[in-house]
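Below is one structure, written out as structure tokens; the observations come after it.
Note that ligands are numbered from 1 as they come in the structure, with each ligand's atoms numbered from 1 the same way.
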Amino acid sequence: MAQPARLRIPVHLGVIMDGNGRWAKARGKRRTEGHVEGVKALRRLVELCINYGVGHCTVFSFSSENWTRPREEVAFIFNLLRRFVASDLQKLIRNNVQVRIIGSREGLEPSLVRLIDDVEAKTASNTGLVLVVAFNYGGKAEIAEATRRLAREVAAGRLSPEHITEQAIEAALYTAGLPDPDLIIRTSGEQRISNFLLWQAAYSEFVFVDEYWPDFDEQSFLKVLETFSLRDRRFGGIGVAQP
Ligand code: IPE
Ligand code: IPE
Ligand code: MG
């Protein structure tokens with residue numbers, strides 16, 4: 001493969017962390033063990049983002065469609081989030097990481113909502129990596145929720161329909177204030193978006209890797225960045241290579 005002259009570092013990296021279950025199955029383990037290994041890979045990713053200067057990183061950790069999984073698996077994933085917060089919060093604070101959790105709060109236990117609010121509050125003033133965790137997140141649900149919010153403003157006479165612009169919609173999404181992801185990685189060989197950041201991914205570059213998420217390491221990360229660095233992003237224009 002051609003080598004980029006310089007590694008381009010994404011301002012906002014999105015990651016669909018997929019393949020925990022298959023990773024476990026391939027080793028004769030239970031799916032839940034794959035999720036435990038997935039958390040280790042997430043820790044590695046956070047370190048990599050800090051070391052390489054990625055500004056924002058959004059990880060897809062539980063989708064609004066993942067509720068269709070067996071109840072025990074869902075409960076295990078929810079517990080993992082609690083355990084991750086308990087074990088890693090102090091380190092995230094030390095590393096100047098700001099944590100944001102996006103997704104619907106509906107259907108979450110009040111104690112979990114409090115935990116999420118607490119993590120966000122405790123890291124809100126941090127100025128380093130912005131780690132966005134998409135939990136109970138669905139892109140369509142996010143757009144529907146934003147639409148309802150704007151419709152209420154119109155109904156109350158505080159907003160005219162003419163002011164429903166792209167900017168107004170963006171400001172009503174969970175990701176308000178964040179730049180759009182310039183790069184989205186999906187592991188495990190699947191090549192689909194699965195309802196992740198639908199609006200925000202309008203001009204994202206996608207890199208699909210075959211490895212299962214628990215195997216994603218620094219070497220995989222660098223390979224993805226090399227691929228990304230060679231992409232010619234045109235945003236509807238004619239690009240830089242044209243005479
Ligand atoms: C990604 O791994 C983690 C979640 C969706 C919670 P999967 O659990 O989807 O693993 P596979 O795709 O079944 O291998
Ligand atoms: C996407 O993976 C969601 C997360 C990684 C959290 P899925 O495993 O749920 O996606 P599908 O079902 O293969 O499309
Ligand atoms: Mg999957």
| query | Out of R22, R31, H35, whose heavy atom is nearest to atom 13 (O) of ligand 1? | reply | R31

| field | Y52 and F221 aromatic ring geometry - parallel, tilted or perpendicular at 30°/60° bounds | value | tilted

| field | Residue and atom name of the nearest protein heavy atom (relative to atom 6 (C) of ligand 1), distance in Å to one decimal | value | S61 O, 3.5 Å

| field | Test of proximity, S63 against ligand 2: N or O pairs below 3.5 Å | value | no

| field | Where ligand 1 meets I77 - atom numbers and elements under 4.0 angstrom, heavy-atom basis | value | 6 (C)

| query | From the Mg ion (ligand 3), how many protein N/O/S atoms are found at a distance short of 2.8 Å? | reply | 1

| field | Any N/O pair F62/ligand 1 closer than 3.5 Å | value | no

| message | Would you say CZ of R158 has more than 12 non-hydrogen atoms from neighbouring residues, nucleotides or ligands within 6.0 angstrom? | response | yes

| remark: re atom 12 (O) of ligand 2, the protein heavy-atom contact at minimum distance is R192 NH2, 4.6 Å

| Thinking salt bridges, do K91 and E47 make one under a 4.0 Å N-O criterion? | yes

| query | Can you find a side-chain donor-acceptor pair between S204 and D180 that sits under 3.5 Å? | reply | no

| request: Check each of M17, E73, R69 against atom 9 (O) of ligand 1 and report the one with the nearest heavy atom. | output: R69

| Polar contact flag, side-chain donor to acceptor under 3.5 angstrom, W23-E33 | no

| query | What do you reckon, does E190 have a nitrogen or oxygen under 3.5 Å from a nitrogen or oxygen of ligand 2? | reply | no

| task | Write out the residue and atom name of the closest protein heavy atom to atom 10 (O) of ligand 2, then the distance separating them to 0.1 Å. | result | R186 NH2, 3.2 Å

| Is the ring centre of W67 less than 6.0 Å from the ring centre of F78? | yes

| field | Numbering as shown, the atoms of ligand 1 that approach N66 to under 4.0 Å (heavy-atom distance) | value | 5 (C)

| Under 6.0 Å from the CZ atom of R8, do we count more than 12 heavy atoms belonging to anything else shown? | yes

| Based purely on interatomic distance, does D18 place a nitrogen or oxygen under 3.5 Å from a nitrogen or oxygen of ligand 1? | yes

| Is it true that a side-chain atom of R233 and a backbone atom of Y203 form a donor plus acceptor pair closer than 3.5 Å? | yes

